[in-house]
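The next block holds one structure in the form of structure tokens; read it before the comments.
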Amino acid sequence: MAAASGKCFLVTGPAGIGKTTLIVRILETLRNSNPNLKVQGFYTREIREGTERVGFEVVTLDGRKGLLASNKISSPQSLRWPTVGRYRVDVASFESLALPELQVKEDTDLFIIDEVGKMELFSSSFFPAVLKVLQSNIPLLATIPITKAGRDIPGVARMKNHPGARVFTLDTNNRDAMREQICSILADVLQKP
């Protein structure tokens, strides 16, 4: 089954530019105008102690939370966890929350995945689940890391090359305009049968 064009919306931009904030605001806007919207997925959020970022958590759209990565945990298990920079990635915790959210269901209107990045891709089950979402033809709003040195992570490259994928690059000047643009495109896509 070929995907219809224009159902994969990818938001990128430098770390800390506000990709997650944008996704959460778009979700709030869509839910306000359509309270019965069935949205599945998750977003990631920084865990802070004071001003210091000590890790990331994964948050489902119905508010359940679990650890994604931390630089504070040191248990015998965590020493075997993969690392990204100074963070250890808790793949099992991530999978237990994120993977059920990516199960394709007939009545899902929209998937939100924030983000398809290095930490998440340590889960060998994650990207196959993302591909199933892409192939389902259900609209997908996802965030991806910005390309470093001109090379995308292979999974991210596949998403960008997906038929009909649209990439929106955020910067400090265009965040509000991007939010409005993506909201109106999604509102349009979600109204079509």
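Only heavy atoms go into these numbers, but all of them, side chains included; no hydrogens, no water, no symmetry mates. If you read the sequence from its start, that first residue is 1, and numbering goes on from there. Because the structure is a prediction, the values reported are computed rather than measured.
- Listed here is the closest heavy atom pair of P139 and D109: CD-O, 3.3 Å.
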Exercise. Test side chain to side chain contact (heavy atoms under 4.5 Å, CB included) on L121 and F127 and set out the steps.
Key: CA-CA 7 Å; L121 289 167; F127 196 66; 3.8 Å; yes
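- In the displayed structure, E106 atom CD is contacted under 6.0 Å by at most 12 heavy atoms of other residues, nucleotides or ligands.
- Looking only at distances, a side-chain donor or acceptor of E120 sits under 3.5 Å from a matching main-chain atom of G117.
- Among F56, W81, F122, F126, the one residue that satisfies the ring pair (Phe, Tyr, Trp, His ring centres under 6.0 Å) test with F94 is F126.
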Exercise. Decide side chain to side chain contact (heavy atoms under 4.5 Å, CB included) for F9 and V167; before the verdict, give the C-alpha distance in whole Å, the side-chain angles of both, and the deciding distance to 0.1 Å.
Key: CA-CA 6 Å; F9 305 96; V167 180; over 6 Å; no
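- In this structure, the separation between CG on L110 and CG on L140 is 7.5 Å, given to the nearest 0.5 Å.
- No more than 12 heavy atoms of other residues, nucleotides or ligands lie within 6.0 Å of CZ in R80, so this atom counts as exposed by the packing criterion.
- Here the SG-CD distance, from C183 to E28, works out to 10.0 Å after rounding to the nearest 0.5 Å.
- Checking side-chain atoms of T143 against main-chain N and O of V11 turns up no donor-acceptor pair under 3.5 Å.
- Not one N or O on the side chain of N34 forms a donor-acceptor pair closer than 3.5 Å with the backbone of L30.
- The distance from the CZ atom of F42 to the CG atom of D114 is 7.5 Å, given to the nearest 0.5 Å.
- Salt-bridge annotation for R64 and D62: present, with a side-chain N of the basic residue lying under 4.0 Å from a carboxylate O of the acidic one.
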Exercise. Carefully, step by step, assess E57 and R45 under the rule salt bridge (charged side-chain N to carboxylate O under 4.0 Å, His left out).
Key: CA-CA 5 Å; E57 61 186 357; R45 194 161 56 187; 3.1 Å; yes
Exercise. For the pair L170 and T12, evaluate side chain to side chain contact (heavy atoms under 4.5 Å, CB included) and give the outcome as yes or no after the intermediate values.
Key: CA-CA 6 Å; L170 283 194; T12 191; over 6 Å; no
Practice problem: Could you please spell out the steps behind the side chain to side chain contact (heavy atoms under 4.5 Å, CB included) verdict for V39 and R31? | Solution: CA-CA 9 Å; V39 190; R31 278 185 165 160; 4.3 Å; yes
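- Annotation: side chain of F111 is not in contact with side chain of K7 (no heavy-atom distance under 4.5 Å).
- Between the side chains of Q40 and T108, a donor-acceptor pair is found at a separation under 3.5 Å.
- I185 and I112 fall within the same hydrophobic cluster, where Ile, Leu, Val, Met, Phe, Trp and Tyr residues are linked whenever their side-chain heavy atoms come under 4.5 Å apart, directly or through other members.
- Listed here is the closest heavy atom pair of P14 and K19: O-NZ, 3.3 Å.
- Judged purely by atom type and a 3.5 angstrom limit, N161 uses its side chain to pair as donor or acceptor with the backbone of A157.
- For the atom pair CG of D90 and OG of S75, the computed distance is 8.5 Å after rounding to the nearest 0.5 Å.
- For the pair V24 and I26, the minimum side-chain heavy-atom distance is 4.5 Å or more.
- Taking 4.5 Å as the limit, every side-chain heavy atom of L27 sits out of range of all side-chain heavy atoms of I23.
- A 4.5 Å side-chain heavy-atom check between V58 and Y43 finds every atom pair outside the cut-off.
- Pairing each heavy atom of E115 with each of T44, the nearest pair is N-OG1, 4.0 Å.
- In this structure, L190 is a member of the same hydrophobic cluster as F168, with clusters built from ILVMFWY side-chain heavy atoms closer than 4.5 Å.
- Contact check for L68 versus L97: no side-chain heavy atoms found under the 4.5 Å cut-off.
- N71 places no side-chain N or O within 3.5 Å of a backbone atom of Y87 that could act as its donor or acceptor partner.
- Proximity of I138 to V133: side-chain heavy atoms (C-beta onward) are nowhere separated by under 4.5 Å.
- You'll find the side chain of E49 reaches within 4.5 Å of the side chain of K72, heavy atoms only.
- In this structure, R48 contributes its side chain and G55 its backbone to no donor-acceptor pair below 3.5 Å.
- Cluster membership check: V91 does not share its hydrophobic cluster with L67, using side-chain heavy-atom separations under 4.5 Å among Ile, Leu, Val, Met, Phe, Trp and Tyr.
- The two residues I73 and S70 have their closest heavy-atom pair at N-OG, 3.3 Å.
- Considering all non-hydrogen atoms of both residues, G66 and S93 come closest at C-OG, 3.7 Å.
- Salt-bridge check for R53 with E46: passed, with a basic side-chain N closer than 4.0 Å to an acidic carboxylate O.
- Here the side chain of N174 pairs a donor or acceptor atom with the backbone of T169 at under 3.5 angstrom.
- With respect to K160 and D152, a salt bridge is recorded, a charged nitrogen being found less than 4.0 Å from a carboxylate O.
- Here CZ of R166 is found 11.0 Å from CG of L10. Values are rounded to the nearest 0.5 Å.
- The distance from atom CG of D176 to atom CD of Q181, rounded to the nearest 0.5 Å, is 12.5 Å.
- Put simply, the side chain of I153 reaches to within 4.5 Å of the side chain of P145, judged on heavy atoms.
- Among all heavy-atom pairs drawn from E95 and S125, the shortest one is OE2-OG, 3.9 Å.
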